[in-house]
Amino acid sequence: MTGPADTPLGASLRELRTELGLFDDFPPEVLAEAAQAVKDPAVPAHEDATDLPLFTIDPPASTDLDQAMYLERRRRGYRVHYAVADVAAFVRPGGALDAEAHRRVTTLYFPDGRVPLHPTLLSEGAASLLPGQTRPAVLWRIDLDTEGAAVVTSVRRALVRSRARLDYAGVQRQIDTDTAEEPLALLRDIGRLRREQEVARGGISLNVPEQEIVERDGGYGLEYRAPLPADGWNAQISLLTGMAAARLMNETGTGILRTLPVAPDGAVARLRRSAEALHIDWPHHVPYAQVVRSLDPRKADHAAFLQECTTLLRGAGYTVFEHGELPTPAVHAAVADLYTHCTAPLRRLVDRYTAELCLAAVADQDPPEWVRAALPGLPKEMADGARRANTVERECVDLVEAALLKDRIGEIFDAYVVDVSEQEPTTGTVHIDDPAVVARIDGGDTKLPLGERLRVRLDRADPGSAKVLFVPA
């Protein structure tokens with residue numbers, strides 16, 4: 001493929017931005033306020049913790065680095081130092097920068113760039129935990145016992161200085177070859193212990209293979225990426241911090257939680273039918289979470305079932321509580337505990353607020369008034385932002401699929417039927433191995449065989465309409 005700027009794909013991406021009212025550029029007053037904030041931070045008081053040899057783990061091209069960590073052994077357990085970018089140090093409540101962040105809510109990712117939550121002067125510069133740079137951070141210290149359970153939590157504002165920017169593949173390679181120094185090698189040990197804690201409380205992490213847009217030959221392609229173990233270990237540190245933050249807010253009686261209701265019986269029953277169709281062994285006495293942990297996302301039938309499992313995660317949202325009255329539900333069903341988002345403030349609006357709530361809790365102070373005033377409106381803002389982000393992700397993948405296949409209409413492909421509509425069993429979704437496409441199929445008068453291989457013919461691929469459609473061959 002050629003570069004996107006001068007192709008139907010490029011035009012469609014621009015059109016998608018316009019339809020959603022998204023623009024990379026920030027208003028002049030926002031940029032001016034950001035530039036002033038770099039010179040004169042809104043929260044200048046930070047302790048010096050630059051002696052901590054922190055490191056970050058992110059995709060190779062990332063420059064908006066929210067988190068850095070340092071892991072160490074204690075005499076009876078472990079200590080997790082987790083630095084999170086202190087965005088509130090640069091954003092003055094009620095200012096132009098704050099208002100623009102509330103309008104954008106999240107960073108949005110397109111194949112040809114991103115629409116950031118904050119100006120890049122901050123998100124990829126003064127607020128990002130880039131290596132070799134002194135940065136303001138919200139610094140968590142969480143002590144774990146020998147089994148990985150959290151025993152003591154503290155959080156404070158501090159100046160930090162990351163020493164290294166690592167990526168997942170490199171981390172996995174170092175740990176697998178026993179070349180990682182202890183602070184990095186402990187990621188595996190602590191990650192595994194936290195996973196065992198997750199199992200014990202009934203939580204679940206879905207290792208769903210991701211359909212990724214990648215740069216290739218001056219254009220874009222698609223690949224399936226199964227998460228590495230290092231992805232999961234790193235995610236466990238973030239989950240640990242989110243659970244610690246939720247507990248702090250619960251202790252003070254004011255906060256905002258990430259909640260997910262338990263899946264209804266009907267959804268679980270449908271999942272059991274999918275497991276049977278996909279030839280997944282699920283004895284009646286075995287819990288859903290145990291089945292999921294036994295699956296290998298590199299196998300097509302297992303990957304298809306893991307994708308079906310995401311239906312049980314629908315309904316996640318943000319719930320505010322005050323005056324010590326926890327909401328119903330209070331827990332996140334997949335985490336199986338109280339949980340909140342607090343580790344990605346450069347890319348997600350709500351995390352700036354949870355940080356302030358937790359800092360106030362540890363200091364035994366009331367939350368700032370600007371935080372209390374914003375709390376009631378945050379759940380709807382975040383829900384709207386999440387819908388917009390999901391639309392962008394889905395539409396971008398559809399556009400790239402159509403661009404990849406536009407010259408191959410009529411060709412036959414080997415496919416795997418990964419979903420069939422209960423209402424219309426002649427329609428569903430197929431998974432193509434090469435190229436990495438997941439698209440609709442219309443079986444006409446033929447009922448689709450869930451979980452089975454199927455030869456399919458490409459019937460439609462139009463980058464202008466972002467639609468790909470297969471039919472049985």
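All of these numbers come straight from a predicted model, not from anything done at the bench. Numbering of residues begins at 1 and proceeds along the displayed sequence.
Neither side chain, Glu100 nor His118, offers a donor N or O lying under 3.5 Å from an acceptor on the other. Between the side chains of Thr134 and Arg161, a donor-acceptor pair is found at a separation under 3.5 Å. Residues Thr241 and Thr343 have side chains that never bring a donor and an acceptor to within less than 3.5 angstrom of each other. One side chain, Thr259 or Thr319, offers a donor N or O that lies under 3.5 Å from an acceptor on the other.
In summary, Glu356 and Arg352 do not engage in a salt bridge, as defined by a charged side-chain N under 4.0 Å from a carboxylate O. Checked for salt-bridge contact, Glu47 and Arg156 meet the test: a charged N lies under 4.0 Å from a carboxylate O. Between Arg440 and Asp459 there is no salt bridge, since no side-chain N of the basic residue sits under 4.0 Å from a carboxylate O of the acidic one. Look at Arg195 and Glu198 and you find a salt bridge, because one of the NZ, NE, NH1 or NH2 atoms lies within 4.0 Å of a carboxylate O, short of that distance. Note on Asp384 versus Lys380: salt bridge recorded, some NZ/NE/NH1/NH2 to OD/OE distance being below 4.0 Å.
Atom CD of Gln172 has more than 12 neighbouring heavy atoms from other residues, nucleotides or ligands inside a 6.0 Å radius. More than 12 heavy atoms of other residues, nucleotides or ligands sit less than 6.0 Å from atom CG of Asp40. Counting non-hydrogen atoms of other residues, nucleotides and ligands closer than 6.0 Å to CD of Glu181 gives a total of 12 or fewer.
Heavy atoms only, all atoms of each residue included: Arg163 and Thr50 are closest at NH2-O, 3.0 Å. The heavy-atom pair separating Ala85 from Leu65 by the smallest distance is CB-O, 4.4 Å. Closest heavy-atom contact between Gly385 and Val105: CA-CG1, 3.9 Å. Closest of all the heavy-atom pairs between Ala244 and Ile142 is CB-CD1, 4.0 Å. The two residues Ile441 and Thr429 have their closest heavy-atom pair at CG2-N, 4.0 Å.
The six-membered or imidazole ring of His341 lies near that of Tyr339, with a centre-to-centre distance under 6.0 Å. For an aromatic pair to be called close, the ring centres must be under 6.0 Å apart, and Phe413 with Phe470 satisfies this. Ring centroids of Tyr353 and Trp370 are separated by less than 6.0 Å, placing the two rings close together.
A 4.5 Å side-chain heavy-atom check between Pro329 and Val262 finds every atom pair outside the cut-off. Residues Trp233 and Arg192 have side chains in contact (heavy-atom distance under 4.5 Å, counting atoms from C-beta outward). With a 4.5 Å cut-off on side-chain heavy atoms, Val87 and Leu346 count as touching. Between Ile409 and Arg460 there is no side-chain heavy-atom pair separated by less than 4.5 Å. A 4.5 Å side-chain heavy-atom check between Leu97 and Pro119 finds at least one atom pair inside the cut-off.
Remark: side-chain polar atoms of Tyr318 are not paired, donor with acceptor, to backbone N or O of Met382 under 3.5 angstrom. A donor-acceptor distance shorter than 3.5 angstrom exists from the side chain of Thr391 to the backbone of Arg387, with no hydrogens or angles considered. Proximity of a side-chain donor or acceptor of Arg135 to a complementary backbone N or O of Gly125 within less than 3.5 Å is detected. Under a 3.5 Å cut-off, the side chain of Ser128 and the backbone N or O of Thr63 do form a donor-acceptor pair. With hydrogens and angles ignored, the 3.5 Å screen pairs a side-chain donor or acceptor of Asp98 with a backbone N or O of Gly94. A donor-acceptor contact shorter than 3.5 Å is absent between the side chain of Arg92 and the backbone of Phe90. Without hydrogens or angle criteria, Ser123 side chain to Asp64 main chain gives no donor-acceptor distance under 3.5 Å. A donor-acceptor pair under 3.5 Å is absent between the side-chain atoms of Arg141 and the main chain of Arg79, judged by distance alone. Between the side chain of His332 and the backbone N or O of Ala334, at least one donor-acceptor pair lies under 3.5 Å. Although no hydrogens or angles enter the test, the distance criterion places no donor-acceptor pair under 3.5 Å between the side chain of Glu401 and the main chain of Val437.
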**Request:** I would like to know whether Met249 and Thr340 meet side chain to side chain contact (heavy atoms under 4.5 Å, CB included); could you show each step before the answer?
**Result:** CA-CA 9 Å; Met249 292 188 295; Thr340 194; 3.6 Å; yes
**Request:** Tell me, with the steps shown, if Asp24 and Arg114 meet salt bridge (Lys or Arg N to Asp or Glu O under 4.0 Å).
**Result:** CA-CA 7 Å; Asp24 300 353; Arg114 70 187 73 179; over 6 Å; no
**Message:** If you apply the rule salt bridge (Lys or Arg N to Asp or Glu O under 4.0 Å), what do you find for Asp419 with Arg270, and how did you get there?
**Reply:** CA-CA 11 Å; Asp419 188 40; Arg270 182 183 185 280; 3.3 Å; yes
**Asked** Passes side chain to side chain contact (heavy atoms under 4.5 Å, CB included), Tyr82 versus Leu139? Steps please.
**Response** CA-CA 6 Å; Tyr82 202 60; Leu139 183 59; over 6 Å; no
**Message:** Let's go through Thr311 and Leu313 carefully: what are the C-alpha distance in whole Å and the side-chain angles of both, what is the deciding distance for side chain to side chain contact (heavy atoms under 4.5 Å, CB included) to 0.1 Å, and is it a yes or a no?
**Reply:** CA-CA 5 Å; Thr311 59; Leu313 303 183; over 6 Å; no
**Request:** Apply side chain to side chain contact (heavy atoms under 4.5 Å, CB included) to the pair Ile190 and Ile237, showing each step before the final yes or no.
**Result:** CA-CA 8 Å; Ile190 294 173; Ile237 303 297; 3.8 Å; yes
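Taken from CG in Leu257 to CG in Leu326, the straight-line distance is 6.5 Å, to the nearest 0.5 Å. One finds the OG1 atom of Thr252 at 10.5 Å from the CD atom of Glu322 (value rounded to the nearest 0.5 Å). The structure places CG of Leu117 at 7.0 Å from OG1 of Thr106, a figure rounded to the nearest 0.5 Å. Leu129 contributes atom CG, which lies 11.5 Å from atom CE of Met69 (distance to the nearest 0.5 angstrom). Here Leu130 contributes atom CG and Ser162 contributes atom OG; the two are 8.0 Å apart, rounded to the nearest 0.5 Å. In this structure, OG in Ser205 is found 5.0 Å from CD in Gln236, a value given to the nearest 0.5 Å.
Scored by the side chain to side chain contact (heavy atoms under 4.5 Å, CB included) test, Val151 finds Arg74, Asp143, Asp145 as partners (sequence neighbours excluded). Shown here are the side-chain hydrogen bond (donor to acceptor under 3.5 Å, both in side chains) partners of Gln36, two or more places apart in sequence or in another chain: there are none. For Phe110, there are no ring pair (Phe, Tyr, Trp, His ring centres under 6.0 Å) partners, not counting sequence neighbours. For Asp86, the side-chain hydrogen bond (donor to acceptor under 3.5 Å, both in side chains) criterion is met by His46, Arg157, not counting sequence neighbours. In this structure, the side-chain hydrogen bond (donor to acceptor under 3.5 Å, both in side chains) partners of Arg347, at least two apart in sequence or on a different chain, are Asp66.
None of Asp398, Leu404, Val397 except one satisfies the side-chain contact (heavy atoms from CB on, under 4.5 Å) rule with Val400; the exception is Leu404.
Residues in residues 374-404 take part in no ring-ring contact (aromatic ring centres under 6.0 Å, His included) pair, two or more places apart or across chains.
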